[in-house]
Amino acid sequence: MKTTEATAPVPAESGMPVTKIDVPAKKAAKEKKEGTVLNVFSHGVLVIWAFMVVMPLLWAVMTSFKDDRSIFSSPWSLPDELHFSNWSRAWTQANMSDYFLNTILVVGGSLIGTLVLGSMAAYVLARFDFPGNRFIYFLFIGGMSFPIMLALVPLFYVVNNMGLLNTIHGLILVYIAYSLPFTVFFLTAFFRTLPTSVAEAAFVDGASHSRTFFQIMLPMAKPGLISVGIFNFLGQWNQYMLPTVLNTDPDKRVLTQGLVQLAVSQGYKGDWSGLFAGLVMAMLPVLAAYIVFQRQVVAGLTAGALK
């Protein structure tokens with residue numbers, strides 16, 4: 001039979017205090033120190049990244065108010081005088097006003113069409129099981145991986161045979177087809193996170209499928225619609241390859257074509273101040289849209305994880 005020997009506690013010597021080692025406290029202090037170092041490093045990287053992104057934008061805005069001589073003599077200094085004539089010259093003489101109107105018509109029409117068609121297709125793919133559901137879904141995903149460069153030549157002949165070449169509505173249809181794969185992919189995952197009990201309650205009350213979609217499910221998907229709408233707006237506003245191939249009419253050029261034409265038409269003379277003013281004009285709507293809807297964009301991106 002084995003016996004266990006108990007060790008008696010060693011009494012503390014007189015005058016020597018007994019210290020209790022708190023291991024969890026030391027571990028917490030170490031983790032806190034490591035977290036502080038990580039936060040400092042991550043914030044430093046974010047500051048550097050913000051500087052790299054913001055500085056070119058500020059430099060372009062600052063340069064748009066200089067004259068041509070100051071742009072080359074002192075490119076990094078503030079303008080001695082604000083030359084608002086650069087903006088008026090770019091708006092009138094460089095036809096930026098016409099390019100702006102054409103871009104608003106094309107992007108506005110294509111954005112509405114993309115969101116309506118994409119949300120309807122995504123809702124059906126996310127909520128209804130039918131033969132070929134996954135096949136159609138993967139077809140949309142495959143459209144995201146198809147290079148647009150390979151489709152330019154056949155797309156040109158298709159649009160030309162349909163009589164839509166050099167037209168605003170033809171460019172709108174092409175933009176919608178170009179943006180649908182990503183829109184369906186994004187919204188399908190978003191509609192799957194919405195509660196089914198609300199739609200079931202609507203069906204019990206006698207609502208049709210179309211009424212349930214437009215009056216109940218679509219308003220619930222507002223964060224996702226805003227997020228994918230911002231992404232499509234950025235891509236369509238900055239699109240250059242498609243309008244260059246499908247829109248050769250000088251009177252129907254969009255902003256990206258107008259900026260390139262402004263740069264090319266300068267030759268060796270160079271109206272650089274007007275060019276920078278036009279560049280800032282084309283850049284401001286994108287920045288304004290993101291600043292206004294930045295909260296909705298973040299909410300739409302994170303809503304899928306908060307089911």
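When a residue number appears, it is its place in the shown sequence, counting from 1. Basis for what follows: all heavy atoms, side chains included, without hydrogens, waters or symmetry-related copies.
For the pair Y175/T114, no side-chain contact is recorded, criterion being any heavy-atom separation below 4.5 Å from C-beta on. F190 has its side chain out of reach of V228: every pair of non-hydrogen atoms, C-beta onward, lies at least 4.5 Å apart. At least one side-chain heavy atom of L284 sits under 4.5 Å from a side-chain heavy atom of V280. Between L171 and N102, every side-chain heavy-atom pair lies at or beyond the 4.5 Å cut-off. A heavy-atom distance below 4.5 Å is found between the side chains of F130 and V124. In this structure the side chain of F186 never reaches within 4.5 angstrom of the side chain of L225, judged on heavy atoms. Looking at heavy atoms from C-beta onward, S64 lies out of side-chain contact with M281 at the 4.5 angstrom threshold.
Once rounded to the nearest 0.5 Å, the distance linking CG of N232 with OG1 of T183 reads 3.5 Å. Here the straight-line distance linking atom CZ of F65 with atom CD1 of I71 works out to 12.0 Å at 0.5 Å rounding. Distance check: F185 CZ to I141 CD1 gives 5.5 Å after rounding to the nearest 0.5 Å. To the nearest 0.5 Å, atoms CD1 (I226) and CG (L115) are separated by 10.0 Å. The structure places CD1 of I112 at 11.5 Å from CG of L117, a figure rounded to the nearest 0.5 Å. A distance of 9.0 Å separates OG of S210 from CE of M120, quoted to the nearest 0.5 Å.
Using a distance-only test at 3.5 Å, with no hydrogens or angles considered, a donor-acceptor pair links the side chain of S119 to the main chain of V116. Judged by distance alone, with hydrogens and angles left aside, the side-chain atoms of N133 form no donor-acceptor pair with the main-chain N or O of D129 at under 3.5 Å. Between the side chain of T103 and the main chain of V254, no donor-acceptor pair closer than 3.5 Å is present. Side-chain atoms of S88 come within 3.5 Å of backbone atoms of S85 as a donor-acceptor pair (strictly under, hydrogens ignored). Remark: side-chain polar atoms of N166 are paired, donor with acceptor, to backbone N or O of T248 under 3.5 angstrom. Using modelled atom types, one side-chain atom of D249 and one backbone atom of D251 make a donor-acceptor pair closer than 3.5 Å. Remark: side-chain polar atoms of Q257 are not paired, donor with acceptor, to backbone N or O of L259 under 3.5 angstrom. Here the side chain of N247 pairs a donor or acceptor atom with the backbone of K252 at under 3.5 angstrom. Formation of a donor-acceptor pair under 3.5 Å by the N238 side chain with backbone atoms of L234 is found in this model. With K66 contributing its side chain and P75 its backbone, the two residues share a donor-acceptor pair below 3.5 Å.
When all heavy atoms of D68 and S273 are compared, the closest pair comes out as OD1-N, 3.0 Å. Of all heavy-atom pairs between F203 and A207, the closest is CD2-O, 3.5 Å. Among all heavy-atom pairs drawn from G274 and A90, the shortest one is O-CB, 3.5 Å. Heavy atoms only, all atoms of each residue included: G109 and I172 are closest at C-CG2, 3.8 Å. A289 approaches I230 most closely through the heavy-atom pair O-CD1, 3.9 Å. Closest approach of R192 and L125 over heavy atoms only: NH2-O, 4.2 Å.
Legend: residues meeting salt bridge (Lys or Arg N to Asp or Glu O under 4.0 Å) with R127, ordered by chain and number and at least two apart, are absent. Taking the ring pair (Phe, Tyr, Trp, His ring centres under 6.0 Å) definition, one finds that F276 meets it with W59, sequence neighbours left out. Listed by chain and residue number, S70 satisfy the side chain to side chain donor-acceptor pair (under 3.5 Å) test with D67 (two or more places apart in sequence, or in another chain).
Taken together through direct or relayed side-chain contacts under 4.5 Å among Ile, Leu, Val, Met, Phe, Trp and Tyr, L242 and M149 form part of one hydrophobic cluster. Under a hydrophobic clustering in which Ile, Leu, Val, Met, Phe, Trp and Tyr are joined whenever their side-chain heavy atoms come within less than 4.5 Å, directly or via other members, L57 and V292 fall into the same cluster. Both W76 and L82 sit in one connected hydrophobic cluster of ILVMFWY residues. Membership requires side-chain heavy atoms under 4.5 Å apart, directly or through other members. No single ILVMFWY cluster, assembled from side-chain heavy atoms under 4.5 Å apart, contains both V184 and L139.
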> Should Q236 and S179 be marked as a side chain to side chain contact (heavy atoms under 4.5 Å, CB included) after you check the CA-CA gap, both sets of side-chain angles, and the distance that decides it?
Replying inline: CA-CA 8 Å; Q236 295 173 2; S179 304; 2.8 Å; yes

>> Test side chain to side chain contact (heavy atoms under 4.5 Å, CB included) on L165 and F156; report intermediate values, then the result.
In response: CA-CA 8 Å; L165 197 65; F156 175 84; 3.6 Å; yes

>> Does I48 form a side chain to side chain contact (heavy atoms under 4.5 Å, CB included) with V45? I'd like the steps, not just the answer.
In response: CA-CA 5 Å; I48 295 174; V45 172; 5.8 Å; no

>> Applying side chain to side chain contact (heavy atoms under 4.5 Å, CB included) to V245 and L155, what does each step give before you reach the verdict?
In response: CA-CA 9 Å; V245 175; L155 185 61; over 6 Å; no

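Around the CZ atom of F182, the shell of radius 6.0 Å holds more than 12 heavy atoms that belong to other residues, nucleotides or ligands. Heavy-atom contacts from other residues, nucleotides or ligands closer than 6.0 Å to CE of M162 number 12 or fewer.
F128 and H209 have perpendicular rings, their planes meeting at more than 60° on a 0 to 90° scale where under 30° would count as parallel. Ring geometry for F233 against W237 counts as tilted: the plane angle lies between 30° and 60°, on a 0 to 90° scale. Note on ring orientation: taking the six-membered ring where Trp is involved, the planes of F100 and W91 are tilted (angle from 30° to 60°). By the 30° and 60° cut-offs, the orientation of the rings of F213 relative to F191 is tilted.
Defined by atom type and a distance below 3.5 Å, a donor-acceptor pair is present between the side-chain atoms of Q215 and R211.
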